[in-house]
Trainee: 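My structure is below; once you've seen it, I'll send some questions.
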There are 2 protein chains.
Amino acid sequence: MAQDLTIGALAKRAATKVQTIRFYEQEGLMPAPARTDGGQRRYAKAHADRLAFIRHARELGFPLDAIRELLHLVDKPDQPCARVDRVATDVLADVEAKITRLISLRGELQRMVRQCRHGRVAECRVIKVLADHSHSHCLSDDHGH
Amino acid sequence: MAQDLTIGALAKRAATKVQTIRFYEQEGLMPAPARTDGGQRRYAKAHADRLAFIRHARELGFPLDAIRELLHLVDKPDQPCARVDRVATDVLADVEAKITRLISLRGELQRMVRQCRHGRVAECRVIKVLADHSHSHCLSDDHGH
DNA sequence: CTTGAAGCTACAGCGACTGTAGCATGTAGG
DNA sequence: CCTACATGCTACAGTCGCTGTAGCTTCAAG
């Protein structure tokens, strides 16, 4: 077919690395493509669409396992989409938890940096805050992670 | 000395795993402690302080390399703390970048989940949004990461 | 002296790639 | 037709910060 892509051309289109595509194939996320007589991969449009799906999901924070599940579900279009919804909601909850935690980290870091008087290490607030054991429990609600 | 701690007791105090402490020693973050005749580690208070410092810095998102640098600086208290400030500011910038990105992800995920009509997979908005290539560039300002 | 918890070393595994070494293939120009 | 040379191939190591496991030894209490 005329519109077949080499792995390099596909990688450029999807803004991924060549190795990443081979990695997705190995992980069962991308189907094995046709090969030339010499053994090189040649991709059709369906592969490009699938790769775009995977990349978009990855950018949104979906782990590969979740993407694998979504790809299975795409092949069963008559089923109810409750599981799709579940996967997406789980990712959303994960993203929200990360935001909450990072905002609390940002607060503590900002306080630390703001208090630094740019003197010598001996009296540096940053070092003092890090060394101060009494601060360390204010974030520990998450250490089970 | 009477106040020496086994690795297990130290781990419990610092809310870490035993293996994590050995890992920090191997990485040069924790100094090698005294050993019993049988070869078991025995820790003094200085080790507990150092471990608390490391753990607190880790909770704040400092990578181990940054912590290594801070620990070196702690041993040179007469130097200006500009480098300490630099390390902390870098971590803060990193945290802020992550927050910005995650908030944009959250927005897209919320839209996706909200539009789901809980029908069949064939007409699922979540799947459609993920498959739609035209959405995939709205976050790509960060793909260099 | 025995038992059982806790310690020891060494190494594999996680997630999601990324990089490297050492070849083979494909294609464009001469 | 031949030669460069970019690109492709496989296989495997490395990234980060731990965590878990196997197979053994040591310690402290009873």
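Order of the sequence lines sets the chain letters (A, B, ...), proteins ahead of strands, with each chain counted from 1.
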Trainee: Between B:Q26 and B:V18, who's closer to the 5' end of DNA chain C by nearest nucleotide?
Mentor: B:V18
Trainee: Can you tell me if B:T20 touches the phosphate of D:dG17, counting only side-chain N or O atoms and a distance under 4.0 Å to OP1 or OP2?
Mentor: no
Trainee: Could you give the CD1-to-C1' distance, from A:I7 to D:dC9, as a whole number of Å?
Mentor: 9 Å
Trainee: Using whole Å, what does the distance between atom P of nucleotide C:dT25 and atom CG of A:D37 come to?
Mentor: 10 Å
Trainee: Ignoring backbone atoms, test whether B:R35 places a side-chain nitrogen or oxygen under 4.0 Å from the OP1 or OP2 oxygen of C:dT9.
Mentor: yes
Trainee: Taking the nucleotide of DNA chain D with the closest heavy atom to each, which residue, B:G38 or B:L64, is nearer the 5' end?
Mentor: B:L64
Trainee: Within this structure, what is the CG-to-C1' distance between A:L29 and C:dG15, rounded to whole angstrom?
Mentor: 13 Å
Trainee: Return no unless some side-chain N or O of A:T36 is found under 4.0 Å from OP1 or OP2 of C:dG26.
Mentor: yes
Trainee: B:F23 has an atom CZ; how far is it from atom C1' of C:dC8, in whole Å?
Mentor: 18 Å
Trainee: Can a side chain N or O of A:K17 be found less than 4.0 Å away from OP1 or OP2 on C:dG19?
Mentor: yes
Trainee: How many Å lie between CD1 on B:I21 and P on C:dT9, as a whole number?
Mentor: 13 Å
Trainee: Are the side chains of B:Y24 and B:R58 in touch, meaning some heavy atoms are under 4.5 Å apart?
Mentor: yes
Trainee: Does A:Y24 reach a base, just sugar-phosphate, or nothing at all? Heavy atoms under 4.0 Å.
Mentor: sugar-phosphate
Trainee: Rounded off to whole Å, could you give me the CD-to-C1' distance for the B:E59 and D:dG17 pair?
Mentor: 14 Å
Trainee: Of the options C:dC8, D:dC18, D:dG20, whose atoms approach the side-chain atoms of B:Q19 most closely?
Mentor: D:dG20
Trainee: In this structure, how many angstroms lie between the C1' atom of C:dT25 and the CG atom of A:D4, rounded?
Mentor: 17 Å
Trainee: Please report, rounded to the nearest Å, how far the P atom of D:dC9 is from the CZ atom of A:R42.
Mentor: 8 Å
Trainee: Could you check whether the side chain of B:E27 and the base of D:dG17 have a donor-acceptor pair of N or O atoms closer than 3.5 Å, going by distance alone?
Mentor: no
Trainee: May I ask you to say what B:R22 touches in the nucleic acid, namely base, sugar-phosphate or nothing, with a heavy-atom cut-off under 4.0 Å?
Mentor: base
Trainee: Taking side chain as C-beta onward, heavy atoms only, is B:H56 less than 4.5 Å from A:E108?
Mentor: yes
Trainee: Looking at A:Q40 and C:dG26, is any side-chain donor or acceptor paired with a base atom of the opposite kind under 3.5 Å?
Mentor: no
Trainee: Going by heavy atoms in the side chains, are A:I99 and B:L105 under 4.5 Å from each other?
Mentor: no
Trainee: Look at A:R41 and D:dC9 and indicate whether a side-chain polar atom (N or O) is within less than 4.0 Å of OP1 or OP2.
Mentor: yes
Trainee: Answer yes or no: is there a side-chain heavy-atom contact under 4.5 Å between B:R41 and B:R35?
Mentor: yes
Trainee: Do the non-hydrogen side-chain atoms of A:I67 and A:L64 ever get within less than 4.5 Å of each other?
Mentor: yes
Trainee: With sugar-phosphate meaning primed atoms plus P, OP1 and OP2, does B:R68 contact a base, only sugar-phosphate, or nothing at under 4.0 Å between heavy atoms?
Mentor: nothing
Trainee: Has A:T6 got a side-chain N or O lying under 4.0 Å from the OP1 or OP2 atom of D:dT7?
Mentor: no
Trainee: Are the side chains of A:D90 and A:D94 in touch, meaning some heavy atoms are under 4.5 Å apart?
Mentor: no
